[in-house]
2 protein chains.
Amino acid sequence: MAEPKTIVNPLFLREDDLRQAIELLFFAYRDFTARGDAILARQQFGRAHHRILYFVGRYPGIPVGDLLDILNITKQSLSRVLSQLVREEFVSQKPGTRDRRQRLLYLTDKGKALERELTSEQRMRFAAAYKDAGAVAVEGFRKVMLGIMDAKARKRFLSPFET
Amino acid sequence: MAEPKTIVNPLFLREDDLRQAIELLFFAYRDFTARGDAILARQQFGRAHHRILYFVGRYPGIPVGDLLDILNITKQSLSRVLSQLVREEFVSQKPGTRDRRQRLLYLTDKGKALERELTSEQRMRFAAAYKDAGAVAVEGFRKVMLGIMDAKARKRFLSPFET
DNA sequence: CAATTATGTCAACACTGCTGACATAACGGT
DNA sequence: ACCGTTATGTCAGCAGTGTTGACATAATTG
């Protein structure tokens, strides 16, 4: 029943699909981040704090420079937020052994607790969505998202990872 | 070959899938919005301007209140950005006919041009990603994104739409 | 030893969201 | 006709986050 339309005007449908895609991503991201933002607001933190907690938790001992690459922000932007997290003992620093200029980042227990609180809601959201959508859909989601991100990020994503 | 692991510790794998899902969404959104942000910076605009241009273009004649519902922000936040767009003639306003309190919003030609410039890159991104991923993957992406967004947004998305 | 690298800091600016308070005009019902 | 509600707008202040530019320190490297 989409047949005739497709034949008559394939371009219109295509445009409509793309518009819908943009909106799917927009609304999903909007709602995906909303709850976390509310939790963060309690301690005068923002989404940037969550991102740092997340990736430091993901790669314990990550050097500052690698974190900058992941977040794609300037060191000044990172520094403001990271120093807060260090000062308030959510994140700890340790000089690198190989290269003592580096400051390797770790979550403290306090940081782990907050990270867990923030991320668990997001995990539950995906768990529910994945369950409803099914394995085939999940694989499709994965493919499309990889296609949307820049080649550099896609590469890092697909490689065994290095940090 | 994933079999033994799945049997031994299904929960670990599941956690890993969820973590990956979060990162897929994060990196895809980050890169999806980056180019547009750069274009907007030219005229001292930000992502908020794009969102307004996008949804006014999508629903010509949309009243301010409906736009607020879509964006999920306060009228004060919207007002600052919207007034700029009106003042600089990217958006025009017209009193509603049914309800003359309403200000119905439309893109001017200038607004249409900017919106097109901003959104076309995003459409191309999805066009490429959709093409690479294939129709089945696209349907999967759609399902997962609908599952991630709040019920309210999902409902609006699936209904024939009303504005 | 000199150049480079990893990291940090101070300062200023811009965008975007929030809350609170107040204002105007139109709608709707009694 | 009047009054409460609704749609919209505006002023003001605060907080978070990103940017650029400039400068500083310590460690690595050739």
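What's counted below: heavy atoms across the whole structure, side chains too, no hydrogens, waters or symmetry copies. By convention in this document, chain letters (A, B, ...) are assigned in the order of the sequence lines, proteins followed by strands, and residues within each chain are numbered from 1.
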Taking atom [atom2] of [N] as reference, at what distance in whole Å does atom [atom1] of [X] sit?
X        : N      : atom1 : atom2 : value
A/Gln44  : C/dG17 : CD    : P     : 19 Å
A/Arg47  : D/dG18 : CZ    : P     : 10 Å
A/Leu68  : D/dG18 : CG    : C1'   : 13 Å
A/Asp69  : C/dA6  : CG    : C1'   : 12 Å
A/Ile73  : C/dG8  : CD1   : P     : 12 Å
A/Asn72  : D/dT17 : CG    : P     : 17 Å
A/Arg103 : C/dT9  : CZ    : C1'   : 11 Å
A/Asp66  : C/dT7  : CG    : C1'   : 13 Å

I'd like to know if [X] and [Y] make a salt bridge, using a cut-off of under 4.0 Å between side-chain N and carboxylate O.
X        : Y        : value
A/Arg125 : B/Asp150 : yes
B/Glu23  : B/Arg19  : yes
B/Glu115 : B/Lys112 : no
B/Asp37  : B/Arg47  : yes

| Nearest 0.5 Å, what's the CZ-CD1 distance between A/Arg30 and B/Ile70? | 9.0 Å
| query | Is the backbone of A/Pro95 close enough, under 3.5 Å, to the side chain of A/Arg100 for a donor and an acceptor to pair up by distance? | reply | no
| task | Apply the side-chain hydrogen bond (donor to acceptor under 3.5 Å, both in side chains) test between A/His49 and each candidate in A/Gln43, A/Gln44, A/Gln84; give the one that qualifies. | result | A/Gln84
| field | Side-chain N or O of B/Thr74 closer than 4.0 Å to phosphate OP1/OP2 of C/dG17 | value |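 Result: no.
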Parallel, tilted or perpendicular, as decided by the 30° and 60° cut-offs, for the rings of [Y] and [X]:
X        : Y        : value
A/His50  : A/Tyr54  : perpendicular
A/Phe27  : B/Phe157 : perpendicular
A/Phe126 : A/Tyr130 : perpendicular

| said: How bent is the helix from C/dC1-D/dG30 to C/dT30-D/dA1, measuring the angle between the end axes built from five pairs each, rounded to 10°? | reply: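 Axis angle across the helix from C/dC1-D/dG30 to C/dT30-D/dA1, nearest 10°: 30°.
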Please produce a list of atom pairs where a protein N or O lies less than 3.5 Å from an N or O of nucleotides 23-30 of chain C.
| residue | atom | partner | partner atom | Å |
| --- | --- | --- | --- | --- |
| C/dC27 | OP1 | B/Arg100 | N | 3.1 |

| Considering only heavy atoms, which members of residues 77-88 of chain B lie under 4.0 Å from some atom of DNA chain C? | B/Ser77, B/Arg80, B/Val81
| field | Sugar-phosphate, base or nothing in reach of A/Gln76, heavy atoms under 4.0 Å | value | base
| message | Go through it in stages, so that I can follow the logic: the residues are A/Leu25 and B/Met145, the test is side chain to side chain contact (heavy atoms under 4.5 Å, CB included), and I'd like the CA-CA distance, side-chain angles, deciding distance and then a yes or no. | response | CA-CA 7 Å; A/Leu25 183 56; B/Met145 290 317 243; 3.4 Å; yes
